[in-house]
Protein chains: 2
Amino acid sequence: MSDHTAAMPHRPRRHVLADEVYETVKTLVMDHVVRPGARISIDGLARELDVSPTPVREALARLESEGLASKEPLRGYRATPLLSRRELDELYEFRQLIEPWAARRAAEKIDRHTAAELRAEMASAVAPKGTDYRDYRALAAHDARFHSLLARLSGNDQVRIAFERTHCHLHIFRLYFASDIGFEAVTEHRTIAEAIIRGAPDAAEEAMSTHLDNSRTQRLHTVYRDSS
Amino acid sequence: MSDHTAAMPHRPRRHVLADEVYETVKTLVMDHVVRPGARISIDGLARELDVSPTPVREALARLESEGLASKEPLRGYRATPLLSRRELDELYEFRQLIEPWAARRAAEKIDRHTAAELRAEMASAVAPKGTDYRDYRALAAHDARFHSLLARLSGNDQVRIAFERTHCHLHIFRLYFASDIGFEAVTEHRTIAEAIIRGAPDAAEEAMSTHLDNSRTQRLHTVYRDSS
DNA sequence: TCGCCGTGAATCCTATAGGATCTACGATAA
DNA sequence: TTATCGTAGATCCTATAGGATTCACGGCGA
């Protein structure tokens with residue numbers, strides 16, 4: 001956020017093990033190294049990461065309250081199961097309430113500085129060369145950053161926080177895992193970004209709504225083609 | 001939630017200290033026993049509650065990720081400051097995106113069973129006799145339950161969770177602290193509930209929108225009358 | 001008077017130990 | 001074969017100890 005001010009952070013961002021463990025476990029869950037629904041042993045994880053159980057407990061408590069793990073007292077933690085089709089649809093319904101509105105607001109408030117931010121993010125969305133995992137992961141990271149940026153550019157921080165707390169991109173990434181679809185999103189992002197930059201609220205709102213609907217129906221629903 | 005099924009819970013809800021500490025601290029923060037912005041010492045709290053620091057750390061990690069406390073590494077936790085006027089307005093803007101929609105959906109989906117739930121909740125909203133703290137707290141509890149219930153009756157659990165995670169009623173309660181305003185809300189709740197029960201989506205949506213706007217402008221804004 | 005510095009106490013962070021509870025698995029009985 | 005029971009091991013939960021860092025405060029110099 002304010003890290004670009006200078007190369008001299010007044011507080012060198014102190015090192016705490018719990019934060020590292022948190023990030024590590026989050027990545028493990030995201031990449032299916034810890035499979036959906038699998039147990040996450042406190043002592044086992046502590047041995048694996050070569051730390052004591054205390055910071056592990058702290059990290060898992062955070063993950064649980066964010067909905068990435070679930071806890072049963074005296075029985076331990078589990079990685080959250082994958083989103084069901086119903087949960088996915090509900091999640092997109094929520095996003096439809098929030099994000100088109102955010103895109104509209106961003107277009108209304110656009111200025112020289114925020115436009116530059118938006119252009120920079122779009123420039124980072126490199127066209128993937130193949131269909132390998134690293135490309136998919138990079139694209140997913142851009143997708144997450146793009147939507148977070150728009151939530152921020154809406155100017156309403158409470159909305160941004162509520163959106164971030166869904167961790168929707170993490171959940172969707174887990175669904176898509178080992179899949180090679182979804183690259184069309186960048187084109188739709190460009191449409192949204194252009195509408196915002198030229199200050200067109202109606203176009204921005206509609207483009208976002210369309211984008212979400214395409215993402216849900218044309219891309220994600222294929223995941224459930226022969227199941228629930 | 002499902003506690004009314006029988007007097008024989010298969011898992012007797014095991015006892016974990018971290019959960020108790022969590023609830024205790026949450027109450028302390030809500031009631032200004034721990035003042036907004038005040039430090040929350042891990043070891044100090046452990047001594048006070050006569051438990052070890054380990055469960056305290058777990059409870060505070062949860063509270064931080066829920067936005068009720070903030071942490072600076074190696075420096076400790078603090079209770080979140082009161083909502084600024086700007087944050088309050090942004091929070092209500094968020095609620096306007098979610099709750100009128102939820103009220104509409106609830107009206108569309110209403111049935112015999114959910115109508116009974118709604119009536120039961122309205123019956124619990126006893127008219128306060130005086131302006132003392134206990135009455136205020138009971139009213140605030142009803143307010144929180146009412147809005148949570150509507151979020152649930154929308155049928156979209158992701159929306160409900162996103163709403164719950166704002167902890168808006170806890171934050172508002174802290175603002176209102178030692179205040180005696182806000183009893184008009186029950187009347188507006190009744191209007192909303194009646195619209196939902198008679199299956200009138202438009203009326204329900206509008207009543208909720210009006211209710212939120214009244215709450216914000218006529219009641220809450222008086223808190224900031226001579227400050228930011 | 002004001003600001004800087006050093007020391008002691010308090011606090012945070014991590015690791016470890018041990019009791020409580022749960023899980024896995026094999027033995028016994030129907 | 002199937003179900004029940006009991007034991008061993010693993011895991012969770014809590015408490016405690018000690019090193020690392022920060023905070024509080026009094027002394028020193030300008």
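First the proteins, then the strands, lettered A, B, ... as listed; each starts at 1. Values in this document were obtained by computation on a predicted structure and should not be read as measured data.
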Listed pairs, N/O of protein and of nucleotides 5-10 of chain D, under 3.5 Å:
none

| query | Does B:His169 have any ring pair (Phe, Tyr, Trp, His ring centres under 6.0 Å) partners at least two apart in sequence or in another chain, and if so, which? | reply | B:His147
| field | Residues forming a side-chain contact (heavy atoms from CB on, under 4.5 Å) with A:Glu64, sequence neighbours excluded | value | A:Lys71, A:Tyr77
| field | Comparing B:Arg39 and B:Val51 on DNA chain D - which has the more 5′ nearest nucleotide | value | B:Val51
| Atom-pair distance (CZ on A:Arg75; C1' on D:dC12), nearest Å | 12 Å
| query | How do A:Pro53 and B:Asp43 order along DNA chain C: which one's closest nucleotide is nearer the 5' end? | reply | B:Asp43
Please tabulate, for the side chains in residues 26-34 of chain B, all donor-acceptor contacts under 3.5 angstrom to protein atoms that are two or more places apart in sequence or on a different chain.
from, atom 1, to, atom 2, distance (Å)
B:Thr27, OG1, B:Glu23, O, 2.9
B:Asp31, OD1, B:Tyr133, OH, 2.6
B:Asp31, OD1, B:Arg137, NE, 3.4
B:Asp31, OD1, B:Arg137, NH2, 3.3
B:Asp31, OD2, B:Arg137, NH2, 3.4
B:His32, NE2, B:Arg174, O, 2.9

| query | Which comes earlier along DNA chain C counting from the 5' end, the contact point of A:Pro55 or that of B:Gly44, where each point is its nearest nucleotide? | reply | B:Gly44
Donor-acceptor pairs under 3.5 Å, side chain of residues 115-126 of chain B to any protein atom, not counting sequence neighbours: which ones?
from, atom 1, to, atom 2, distance (Å)
B:Glu117, OE2, B:Arg152, NH2, 2.7
B:Glu121, OE1, B:Arg145, NE, 3.0
B:Glu121, OE2, B:Ser124, OG, 3.0
B:Glu121, OE2, B:His142, ND1, 2.7
B:Glu121, OE2, B:Arg145, NE, 3.3
B:Glu121, OE2, B:Arg145, NH2, 3.2
B:Ser124, OG, B:Glu121, O, 2.7
B:Ser124, OG, B:Arg145, NH2, 3.0

| request: In whole angstrom, give the distance that lies between atom CD1 of B:Ile42 and atom P of D:dA15. | output: 15 Å
| Between D:dA15 (C1') and B:Leu49 (CG): distance, integer Å | 15 Å
| query | If only side-chain N and O atoms of B:Ser41 are considered, is one of them under 4.0 Å from the OP1 or OP2 phosphate oxygen of C:dA10? | reply | no
| OH of A:Tyr22 versus C1' of C:dT14: gap in Å, rounded? | 21 Å
| query | Are any non-hydrogen side-chain atoms of B:Glu58 and B:Asp19 less than 4.5 angstrom apart? | reply | no
| request: Apply side-chain contact (heavy atoms from CB on, under 4.5 Å) to A:Ala140 and list each qualifying residue two or more places apart in sequence or on a separate chain. | output: A:Phe173
| message | So, does B:Ser52 get its side chain near the phosphate of D:dT14, meaning an N or O under 4.0 Å from OP1 or OP2? | response | no
| task | Between A:Tyr77 and A:Thr54, name the one whose nearest nucleotide on DNA chain D is closer to the 5' end. | result | A:Tyr77
| With sequence neighbours left out, what residues match B:Asp111 under side-chain contact (heavy atoms from CB on, under 4.5 Å)? | B:His113, B:Thr114
| task | Rounded to the nearest angstrom, tell me the gap between atom NZ in B:Lys71 and atom C1' in C:dC12. | result | 9 Å
| Checking all strands, does B:Leu45 fall into the base, sugar-phosphate, or nothing category for heavy-atom contacts under 4.0 angstrom? | nothing
| request: Find the distance A:Asp50:CG to C:dT14:C1' and express it as a whole number of Å. | output: 12 Å
| message | Please list, in numerical order, the residues of residues 56-70 of chain A that have a heavy atom closer than 4.0 Å to any atom of DNA chain D. | response | A:Arg57
| field | All side-chain contact (heavy atoms from CB on, under 4.5 Å) counterparts of A:Pro81, not counting sequence neighbours | value | none
| request: Nearest 0.5 Å please: distance from the CZ atom of A:Phe146 over to the NE2 atom of A:His211. | output: 7.0 Å
| said: What is the separation between atom CG on B:Leu74 and atom C1' on C:dC13, rounded to the nearest whole Å? | reply: 7 Å
| field | Non-hydrogen atoms of A:Gly76 and A:Arg39 that approach each other most closely | value | CA-NH2, 4.4 Å
| message | How many whole angstroms separate atom CG of B:Asp19 from atom C1' of D:dC12? | response | 13 Å
